[in-house]
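Have a look at the structure below before the remarks.
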Amino acid sequence: FNKLVGSFAYPFLNIGLLGSIYMTVAISLERYLGICHPSFKFRREAWVFILPVLIISLGFNFPKFRKRRFFFVNGTLVVEDQEFRSQESYKHAYNLWANIIVITVIPLSLLMFLNVSIIA
(Lines give C-alpha, C1' and ligand atoms only; values in the text may rest on other atoms or scores of the structure.)
Protein backbone atom coordinates (compact mmCIF):
# COMPACT_ATOMS: atom_id res chain seq x y z
CA PHE A 1 0.00 0.00 0.00
CA ASN A 2 2.80 2.45 0.87
CA LYS A 3 4.52 1.91 -2.48
CA LEU A 4 1.21 2.50 -4.26
CA VAL A 5 0.43 5.73 -2.41
CA GLY A 6 4.02 6.93 -2.72
CA SER A 7 4.07 6.19 -6.43
CA PHE A 8 1.09 8.48 -6.98
CA ALA A 9 1.89 11.12 -4.34
CA TYR A 10 5.50 11.69 -5.40
CA PRO A 11 4.75 13.04 -8.92
CA PHE A 12 1.94 15.27 -7.64
CA LEU A 13 4.19 16.58 -4.87
CA ASN A 14 6.80 17.53 -7.48
CA ILE A 15 4.18 19.09 -9.76
CA GLY A 16 3.08 21.27 -6.84
CA LEU A 17 6.66 22.18 -5.99
CA LEU A 18 7.61 23.13 -9.54
CA GLY A 19 4.29 24.92 -10.06
CA SER A 20 4.85 26.97 -6.93
CA ILE A 21 8.37 27.91 -7.98
CA TYR A 22 7.40 28.93 -11.51
CA MET A 23 4.25 30.73 -10.34
CA THR A 24 6.53 32.94 -8.24
CA VAL A 25 8.61 33.60 -11.38
CA ALA A 26 5.42 34.34 -13.36
CA ILE A 27 4.27 36.88 -10.76
CA SER A 28 7.69 38.54 -10.86
CA LEU A 29 7.52 38.61 -14.67
CA GLU A 30 4.11 40.28 -14.52
CA ARG A 31 5.46 42.87 -12.05
CA TYR A 32 8.52 43.46 -14.24
CA LEU A 33 6.40 44.00 -17.36
CA GLY A 34 4.00 46.28 -15.50
CA ILE A 35 6.71 48.45 -13.94
CA CYS A 36 9.56 48.44 -16.48
CA HIS A 37 7.52 48.17 -19.69
CA PRO A 38 4.12 49.75 -19.02
CA SER A 39 3.59 50.52 -22.72
CA PHE A 40 3.98 46.84 -23.68
CA LYS A 41 0.46 45.74 -24.52
CA PHE A 42 -0.72 42.18 -23.93
CA ARG A 43 -3.63 40.56 -22.20
CA ARG A 44 -2.80 40.38 -18.53
CA GLU A 45 -5.23 37.66 -17.67
CA ALA A 46 -4.46 34.94 -15.14
CA TRP A 47 -4.46 32.10 -17.69
CA VAL A 48 -1.63 33.79 -19.62
CA PHE A 49 0.62 33.11 -16.63
CA ILE A 50 -0.98 29.96 -15.20
CA LEU A 51 -1.13 27.91 -18.40
CA PRO A 52 2.65 27.97 -19.13
CA VAL A 53 3.36 27.14 -15.48
CA LEU A 54 0.98 24.19 -15.67
CA ILE A 55 2.51 22.96 -18.94
CA ILE A 56 6.06 23.22 -17.58
CA SER A 57 5.13 21.50 -14.30
CA LEU A 58 3.26 18.63 -15.92
CA GLY A 59 5.74 18.20 -18.76
CA PHE A 60 8.83 18.12 -16.59
CA ASN A 61 7.31 15.73 -14.05
CA PHE A 62 5.67 13.35 -16.53
CA PRO A 63 8.54 10.80 -16.32
CA LYS A 64 7.91 10.49 -12.58
CA PHE A 65 4.51 8.93 -13.35
CA ARG A 66 6.28 6.28 -15.44
CA LYS A 67 8.82 5.21 -12.80
CA ARG A 68 6.76 2.25 -11.59
CA ARG A 69 4.61 -0.37 -13.27
CA PHE A 70 1.45 -1.74 -11.64
CA PHE A 71 -0.16 -5.10 -12.34
CA PHE A 72 -2.08 -7.84 -10.58
CA VAL A 73 -0.75 -11.33 -9.84
CA ASN A 74 -3.29 -13.76 -8.37
CA GLY A 75 -5.45 -10.85 -7.20
CA THR A 76 -2.57 -9.03 -5.49
CA LEU A 77 -1.36 -5.67 -6.70
CA VAL A 78 2.33 -5.79 -7.57
CA VAL A 79 4.46 -2.68 -7.98
CA GLU A 80 7.71 -2.90 -9.97
CA ASP A 81 10.30 -0.29 -10.81
CA GLN A 82 10.68 0.39 -14.52
CA GLU A 83 13.95 -0.63 -16.16
CA PHE A 84 14.97 2.88 -17.25
CA ARG A 85 14.95 3.99 -13.63
CA SER A 86 18.08 2.01 -12.81
CA GLN A 87 20.12 3.33 -15.75
CA GLU A 88 22.98 5.61 -14.80
CA SER A 89 22.23 8.04 -17.62
CA TYR A 90 18.68 8.54 -16.30
CA LYS A 91 19.92 9.01 -12.75
CA HIS A 92 22.49 11.62 -13.72
CA ALA A 93 20.71 13.41 -16.55
CA TYR A 94 17.16 13.64 -15.21
CA ASN A 95 17.31 13.05 -11.46
CA LEU A 96 20.35 15.19 -10.86
CA TRP A 97 21.17 17.72 -13.56
CA ALA A 98 17.71 18.39 -14.98
CA ASN A 99 16.33 18.88 -11.47
CA ILE A 100 19.16 21.23 -10.49
CA ILE A 101 18.78 23.30 -13.66
CA VAL A 102 14.96 23.39 -13.90
CA ILE A 103 14.12 23.66 -10.20
CA THR A 104 16.99 25.86 -9.01
CA VAL A 105 19.17 27.58 -11.61
CA ILE A 106 16.56 28.83 -14.10
CA PRO A 107 14.06 30.18 -11.53
CA LEU A 108 16.76 31.75 -9.37
CA SER A 109 18.39 33.42 -12.38
CA LEU A 110 15.04 34.74 -13.64
CA LEU A 111 14.01 36.02 -10.20
CA MET A 112 17.34 37.77 -9.74
CA PHE A 113 17.19 39.39 -13.18
CA LEU A 114 13.56 40.47 -12.89
CA ASN A 115 13.80 41.87 -9.38
CA VAL A 116 17.12 43.65 -9.95
CA SER A 117 15.66 45.18 -13.13
CA ILE A 118 12.66 46.48 -11.18
CA ILE A 119 14.90 48.05 -8.53
CA ALA A 120 17.36 49.57 -10.99
Side-chain angles (χ1 to χ4, degrees):
F1 177 76
N2 287 337
K3 256 189 171 180
L4 179 66
V5 171
S7 297
F8 286 114
Y10 180 67
F12 287 112
L13 174 84
N14 283 294
I15 288 170
L17 172 70
L18 196 62
S20 174
I21 291 169
Y22 276 93
M23 203 63 219
T24 304
V25 173
I27 291 168
S28 292
L29 176 64
E30 198 274 334
R31 286 180 52 226
Y32 168 78
L33 291 173
I35 293 170
C36 296
H37 301 284
S39 61
F40 183 66
K41 301 292 181 197
F42 73 99
R43 296 174 62 170
R44 289 193 176 136
E45 296 176 358
W47 67 269
V48 172
F49 296 99
I50 294 173
L51 189 62
V53 169
L54 205 68
I55 291 170
I56 290 169
S57 298
L58 290 172
F60 183 74
N61 288 299
F62 180 74
K64 289 181 174 72
F65 284 103
R66 308 274 301 144
K67 281 186 172 185
R68 293 203 168 96
R69 187 168 55 123
F70 303 96
F71 56 93
F72 286 95
V73 175
N74 297 329
T76 304
L77 181 65
V78 177
V79 180
E80 276 186 358
D81 290 341
Q82 292 282 19
E83 295 165 9
F84 72 88
R85 191 173 176 205
S86 61
Q87 295 174 353
E88 288 298 316
S89 61
Y90 172 79
K91 288 179 182 177
H92 289 291
Y94 180 73
N95 278 346
L96 180 64
W97 291 110
N99 279 321
I100 289 172
I101 292 168
V102 172
I103 294 176
T104 308
V105 174
I106 292 172
L108 183 61
S109 301
L110 287 170
L111 284 172
M112 287 174 51
F113 169 75
L114 294 169
N115 288 318
V116 166
S117 297
I118 289 172
I119 293 170

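For clarity, every value in this text was computed on a predicted model and none was experimentally measured.
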message: Classify the ring geometry of F113 against Y32: parallel below 30°, tilted from 30° to 60°, perpendicular beyond 60°.
response: tilted
task: Indicate if I56 and I50 have the same hydrophobic cluster label, given that clusters are the connected sets of ILVMFWY residues with side-chain heavy-atom separations under 4.5 angstrom.
output: yes
query: Any side-chain heavy atom of N61 sitting closer than 4.5 Å to one from F12?
result: no
query: Quick one: CG on L108 to CG on L110, what's the gap to the nearest 0.5 Å?
result: 9.0 Å
query: Is I27 reachable from L114 through a run of hydrophobic residues whose side-chain heavy atoms are each under 4.5 Å from the next?
result: no
- request: Using the rule that two of Ile, Leu, Val, Met, Phe, Trp, Tyr join whenever any of their side-chain heavy atoms come within less than 4.5 Å, decide whether L33 and V25 are in one cluster.
  value: yes
message: Would you say I100 ends up clustered with L13 if hydrophobic residues are merged whenever their side chains have heavy atoms under 4.5 Å apart, either directly or through other cluster members?
response: no
message: Test your reading of the model: is there a side-chain donor-acceptor pair from S20 to the backbone of G16, 3.5 Å cut-off?
response: no
Sole residue of L54, L17, V53 in side-chain contact (heavy atoms from CB on, under 4.5 Å) with Y22: V53
query: Looking at side-chain heavy atoms only, is the closest gap between N115 and S28 below 4.5 Å?
result: yes
query: Does a side-chain heavy-atom distance below 4.5 Å link I15 with S57?
result: yes
Single-linkage hydrophobic cluster, 4.5 Å side-chain cutoff, L96 and F60 together: no
message: So, using side-chain contact (heavy atoms from CB on, under 4.5 Å) as the criterion, who are the partners of A93 when residues are at least two apart?
response: none
